[in-house]
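In what follows, a structure is listed as C-alpha cells, so that the remarks can point back to it.
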Amino acid sequence: MACWLIKSEPETFSIQDLAKAPKKTTSWEGVRNYQARNFLRSMKRGDLAIYYHSNAEPPAAVGIARIVREAYPDPTAWDPESAYHDPKASPANPLWSMVDVQLVEIFPRAIPLEELRGVKPLAGMELLRRGSRLSVTPVTAAEFRTIEKLGQAKPAAPAAKSAPAKPAKKRAR
DNA sequence: GCCAACGTTGGC
DNA sequence: GCCAACGTTGGC
C-alpha cells in the first residue's frame, strides 16, 4: 500500500466539506499538472493520503483520506463551464484523470506547515521543499505515520515553553 | 497583496 | 530545441 499527500484549498474543498459529502466521498477532480496526474494514476484502491489545506490560515495537514476508486477520466476537463476546463481534452481524449477519495479521519489537531518543517523525520518530504507546488505527492510510510501521530494530540513536550514571540523573520531568498 | 518558484506556451 | 514571456501556486 502506498501513501500520498493531497492538497486542497479549503475555500475550494475542505476536509470538512469531505466529511459532509455523501458517503464522505468525493472525486478528486481538477488536477492539471502532468506530474500530479501521473501520481493520481498510480494510486491504488486502499492507499491512504494525508489531506493538506493549502492557501489556508494556517496551511496545515488536517486529516487522512483513502483512495476508494482508482484513476478514471476527469470530465471537468472537457466541460466548458468548469473552472478546470482544458480545451485540449475531450471524451475521446480525456487527458486528465481523477480518483475518488473517502474521509478516514479529521485529525483532532491540525498540524501547521510551520510545525511540519521542524519535524526531523519529515525533512525529505516534497511538501517541505522550497517552492514545492505539486498538489499530489507520494510520501513514505514512515512520513505518513509520523504525521498521523502528530495529528492525534499535542506534542508530548511543550516544544518551547511559551518562548517570547520570535522576531519576525526576514524571508531568506 | 507581494512575489519566488515553478510549469507552460509559443516565436524563432 | 532554446528560452523569454507569461500564468499559476501558495507561503508569507
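Within every chain, numbering begins at 1; the chains are lettered A, B, ... in the order of the sequence lines, protein sequences first and strands thereafter. A quick note: this is a predicted structure, and the numbers were derived from the prediction, not measured.
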NZ/NE/NH1/NH2 to OD/OE distance under 4.0 Å, A:E114 and A:R117: no
Interatomic distance where NZ belongs to A:K7 and P belongs to C:dT8 [whole Å]: 17 Å
Euclidean distance, atom CZ of residue A:R129 to atom C1' of C:dG10 [Å, nearest integer]: 15 Å
Whole-Å gap separating C1' (C:dG11) and CG (A:L134): 16 Å
A:E115 with A:R109: basic N within carboxylate O range, under 4.0 Å: yes
Between C1' of C:dC12 and CG of A:L113, the distance in whole Å: 10 Å
A:D86: partners by salt bridge (Lys or Arg N to Asp or Glu O under 4.0 Å), with sequence neighbours left out: A:K88
Interatomic distance, A:H85 NE2 vs C:dT8 P [rounded to whole Å]: 15 Å
Any pair counted as side-chain hydrogen bond (donor to acceptor under 3.5 Å, both in side chains), so long as it reaches residues 54-68 of chain A, sequence neighbours left out: A:E9-A:N55
Within residues 49-59 of chain A, residues whose heavy atoms come under 4.0 Å of DNA chain C: A:Y52, A:S54, A:N55, A:P59
Between P of C:dT9 and OH of A:Y84, the distance in whole Å: 9 Å
Interatomic distance, A:E115 CD vs C:dG11 C1' [rounded to whole Å]: 17 Å
Set of residues satisfying ring-ring contact (aromatic ring centres under 6.0 Å, His included) with respect to A:Y52, sequence neighbours excluded: none
Per-nucleotide protein contact string for nucleotides 2-7 of chain C, where B marks a base within reach and S marks sugar-phosphate only (heavy atoms under 4.0 Å, - for neither): -----B
Residues forming a side-chain hydrogen bond (donor to acceptor under 3.5 Å, both in side chains) with A:T12, sequence neighbours excluded: none
Side-chain N or O of A:K88 closer than 4.0 Å to phosphate OP1/OP2 of B:dT9: yes
A:R37: salt bridge (Lys or Arg N to Asp or Glu O under 4.0 Å) partners, not counting sequence neighbours: none
With A:R145 via salt bridge (Lys or Arg N to Asp or Glu O under 4.0 Å) - residues at least two apart: none
Among B:dT8, C:dG11, C:dG10, the one nearest A:Y34 by side-chain distance: B:dT8
Residues that A:W78 engages under side-chain hydrogen bond (donor to acceptor under 3.5 Å, both in side chains), provided they are two or more places apart: none
Euclidean distance, atom CG of residue A:L128 to atom C1' of C:dG10 [Å, nearest integer]: 14 Å
